[in-house]
Every structure is written in C-alpha cells, then in structure tokens.
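Heavy-atom basis, side chains included; hydrogens, waters and symmetry copies ignored. Please read all numbers here as calculations on a predicted model, not as lab measurements.
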Amino acid sequence: EKGLLRRLAATPINRSSIVLGKWGGKMFLGLIQISFAMLAGTFLFGMNWGQDFPFVVILMFAWGAFCASCGLLLGTIGRTEGQVSGLGVLLSMGLAALGGCWWPIEITPASMQLLQKFLPSGWAMDGMHKLINFGDGPASIMPHIAALFVGALLIGWLAQRKFRFQ
C-alpha cells in the first residue's frame with residue numbers, strides 16, 4: 001500500500017534476498033511467540049517438557065519455519081490484506097483442529113487419526129506427544145522434523161517464485 005516493495009525493486013537487492021529477509025522477520029516473530037508460550041507454560045502452568053527438551057525446541061523451530069514460509073506464501077499470493085488475514089485464520093484454525101491441537105487426536109475416529117498423519121500440524125503435535133507424553137526418544141520424531149523443514153523449504157521456494165514487487 002505504501003509502495004515499499006516497488007522502491008525495493010529499484011535497488012540492487014535481488015528477489016531472493018528480499019524474500020529471505022521477509023521470511024526471517026516472520027520467523028523471528030514466530031520464535032518470540034513460541035518462546036513466550038513455552039515460558040508461560042513452564043512458569044504459569046508448571047509444564048514439564050520431558051527429558052528431551054532440546055528436541056522439543058528443534059521441533060518447535062521446524063514448526064516455526066514451516067509457518068513462516070506459509071505466511072510468506074499467503075502474503076505473496078493474496079491481493080489484499082483482508083484476503084490474507086481471512087485465509088490465514090481459516091487455514092490455521094482448520095489445520096489446528098484436524099492436526100490434534102484442539103483436543104487429543106486419540107479421542108477422534110480412526111479416519112481423523114489417519115488424516116492427522118498427512119498434515120503439518122499433525123506432524124508437530126504427534127512429535128510433541130511422542131517426546132513429552134509418551135516418552136519416545138528423539139529418533140521417533142526425526143521424520144516429523146525433516147518433513148516440516150522440507151515443507152518449509154518447498155513452500156518458501158514457491159513463495160520466492162510467486163513474489164512480486166507490487
């Protein structure tokens with residue numbers, strides 16, 4: 001709206017650098033939100049993060065990277081701020097519900113539990129459950145972490161390809 005991207009287009013900065021900078025800003029904001037939520041959980045609610053806390057952090061970092069890439073893609077393909085906001089809320093709420101973030105996925109029908117395995121929110125929640133609730137080791141969540149990072153890279157690449165200076 002203010003023409004900042006059009007002015008950036010006139011600089012010697014390439015498209016990839018601009019997209020990476022925008023991704024970094026979104027990632028930084030996500031890390032602040034994740035840190036705040038984890039600190040609040042620990043100090044206000046006595047959350048025990050389990051024996052493999054460093055891997056919980058890595059999983060949350062992968063989730064943040066995935067979400068930053070998704071936010072960047074939405075911002076790139078959306079034409080108005082209203083479109084981006086509305087679609088972002090719709091997607092995040094839908095993925096949260098279907099991925100097991102609203103209630104334990106174990107209480108849902110088998111078909112919903114199967115669907116969770118194909119969703120990024122499901123990968124993050126399943127990894128958290130494996131580390132914190134079920135006591136599985138870090139090796140059990142490596143596919144989850146890899147899938148989230150690969151998804152972040154692919155969606156980030158797509159956002160970079162779709163990025164326009166308008």
Other than Leu44, what residues sit in its cluster of Ile, Leu, Val, Met, Phe, Trp and Tyr side chains whose heavy atoms are under 4.5 Å apart, directly or through others? Phe45

Connected to Phe118, directly or through other members, by ILVMFWY side-chain contacts below 4.5 Å are Leu114

With sequence neighbours left out, what residues match Lys130 under salt bridge (Lys or Arg N to Asp or Glu O under 4.0 Å)? Asp126

Rounding to 0.5 Å, atoms CG (Leu131) and CD1 (Ile141) come to a distance of 4.0 Å

Residues in side chain to side chain contact (heavy atoms under 4.5 Å, CB included) contact with Ser92, at least two apart in sequence or another chain: none

Output the distance between atom CG (Leu158) and atom OG1 (Thr76), rounded to the nearest 0.5 Å. 8.5 Å

Does any non-hydrogen side-chain atom of Trp123 lie less than 4.5 Å from one of Pro143? no

Tell me whether Gln51 at atom CD has more than 12 heavy atoms from other residues, nucleotides or ligands lying less than 6.0 Å away. no

Pairwise distance CG(Leu91) to OG(Ser121) - rounded to 0.5 angstrom: 10.5 Å

Check the pair Lys26 / Leu72 against side chain to side chain contact (heavy atoms under 4.5 Å, CB included), numbers first and verdict last. CA-CA 8 Å; Lys26 291 180 183 350; Leu72 187 60; 4.2 Å; yes

Once rounded to the nearest 0.5 Å, what's the spacing between atom CZ of Phe55 and atom CE of Met142? 4.5 Å

Is it possible for you to say whether Ile145 and Phe53 belong to one hydrophobic cluster, with membership spreading through side-chain heavy-atom contacts below 4.5 Å? yes

Only counting residues at least two apart or in another chain, list the ones meeting side chain to side chain contact (heavy atoms under 4.5 Å, CB included) with Ile34. Met38, Met60

Using side chain to side chain donor-acceptor pair (under 3.5 Å) as the criterion, list what pairs up with Ser17, not counting sequence neighbours. Asn14

Excluding Leu95, membership of its hydrophobic cluster (Ile, Leu, Val, Met, Phe, Trp, Tyr; side-chain heavy atoms within less than 4.5 Å) reads Leu98, Met112, Leu115, Leu119

Quick one: list whatever passes side chain to side chain contact (heavy atoms under 4.5 Å, CB included) with Ile132, sequence neighbours left out. Met47, Trp49, Val56, Met128

Single-linkage hydrophobic cluster Ile13~Leu20, side-chain heavy atoms < 4.5 angstrom: yes

I need the full list of side chain to side chain donor-acceptor pair (under 3.5 Å) pairs touching residues 101-120, with sequence neighbours left out, sorted by first then second residue. none

What residues, two or more places apart in sequence or in another chain, satisfy ring-ring contact (aromatic ring centres under 6.0 Å, His included) together with Phe28? none

How long is the gap from CD1 on Ile18 to CD on Gln160, to the nearest 0.5 Å? 10.5 Å

Those residues at least two apart in sequence (or on a different chain) that pass side chain to side chain contact (heavy atoms under 4.5 Å, CB included) with Ile155 are Phe66, Ser69, Cys70, Leu73

Check: Ser140 side chain, Gly137 main-chain N or O, donor-acceptor pair, under 3.5 Å: yes

If Ile, Leu, Val, Met, Phe, Trp and Tyr residues are connected whenever their side-chain heavy atoms lie under 4.5 Å apart, and connections chain through other members, are Val19 and Trp157 in the same group? yes

Applying side chain to side chain contact (heavy atoms under 4.5 Å, CB included), run through Leu59 and Leu148 and close with a yes or a no. CA-CA 8 Å; Leu59 181 62; Leu148 288 168; 3.9 Å; yes

Asp136: which residues meet the side chain to side chain donor-acceptor pair (under 3.5 Å) condition with it, sequence neighbours left out? none

